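For reference, the structure discussed in these notes is given below.
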Amino acid sequence: FTAGAAVVAGSLALANAASEAYVEHCTLGGGGLWYSDYPEFREALELLLQDTRLRDGLARQGAAYVRDRFSWGAVVGKYSAFLEGM
């Protein structure tokens, strides 16, 4: 199970900021929030539990980001473009 699979399944990410990759994907894809410590985690979780529009919007944006960048067609297209450029 991967974070990408969760996003495409309609979930959003609540990521640990210790992972630069998680933060980057949350930023680029707009599909989640991140936290650095327990108080930030608690605050973000409470926000997500209370705000349905935010939660649904993050999930939608994240799913679109994953589909656009990491679907099989997108990955094959990137490799094909790379190989054609060699």
Side-chain angles (χ1 to χ4, degrees):
F1 185 76
T2 65
V7 170
V8 173
S11 299
L12 56 93
L14 181 52
N16 187 319
S19 170
E20 291 180 20
Y22 288 167
V23 172
E24 181 178 5
H25 285 302
C26 286
T27 302
L28 293 174
L33 304 175
W34 58 92
Y35 59 91
S36 296
D37 53 28
Y38 179 73
E40 286 183 5
F41 171 80
R42 185 181 62 233
E43 186 175 326
L45 183 58
E46 287 175 5
L47 175 65
L48 292 170
L49 289 172
Q50 294 171 6
D51 192 335
T52 304
R53 284 185 54 209
L54 174 63
R55 194 171 59 237
D56 292 347
L58 290 171
R60 239 184 343 271
Q61 290 172 183
Y65 170 74
V66 170
R67 276 192 309 273
D68 292 346
R69 298 217 175 174
F70 304 107
S71 68
W72 184 248
V75 171
V76 169
K78 288 177 190 176
Y79 277 109
S80 294
F82 171 76
L83 293 173
E84 289 172 7
M86 292 182 77

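Quantities reported herein were computed from a predicted structural model and do not represent experimental measurements. Values below: every heavy atom of this structure, side chains too, minus hydrogens, waters and symmetry copies.
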Shortest non-hydrogen contact between [X] and [Y], atoms and distance:
X: Ala74; Y: Arg67; value: CB-O, 4.2 Å
X: Gln50; Y: Arg55; value: N-NH1, 4.4 Å
X: Leu14; Y: Ala44; value: CD1-CB, 3.7 Å
X: Arg69; Y: Val75; value: O-CG2, 4.2 Å
X: Ala17; Y: Trp34; value: CB-CD1, 3.7 Å
X: Tyr22; Y: Ala15; value: CB-CB, 3.6 Å

(message) Do Leu48 and Leu58 make a side-chain contact, defined as non-hydrogen atoms from C-beta onward lying under 4.5 Å apart?
(response) yes
(request) Could you tell me whether the side chain of Arg42 reaches within less than 4.5 Å of the side chain of Tyr35, counting heavy atoms only? (result) no
To the nearest 0.5 Å, how far apart are [atom1] in [X] and [atom2] in [Y]?
X: Phe41; Y: Glu46; atom1: CZ; atom2: CD; answer: 10.0 Å
X: Leu33; Y: Leu45; atom1: CG; atom2: CG; answer: 10.0 Å
X: His25; Y: Ser19; atom1: NE2; atom2: OG; answer: 8.0 Å

(request) Can you establish whether the number of heavy atoms outside Glu43 located under 6.0 Å from its atom CD is more than 12? (result) no
(request) Would you kindly confirm whether Phe70 and Leu28 end up in one hydrophobic cluster when ILVMFWY residues are joined by side chain heavy atoms under 4.5 Å apart? (result) yes
(message) Would a single hydrophobic cluster contain both Leu49 and Leu12, if residues Ile, Leu, Val, Met, Phe, Trp and Tyr are joined by side-chain heavy-atom contacts under 4.5 Å?
(response) yes
(message) I'd like to know if the side chain of Glu40 reaches the main chain of Ser36, judged simply by a donor and an acceptor atom lying under 3.5 Å from each other, with no hydrogens or angles considered.
(response) yes
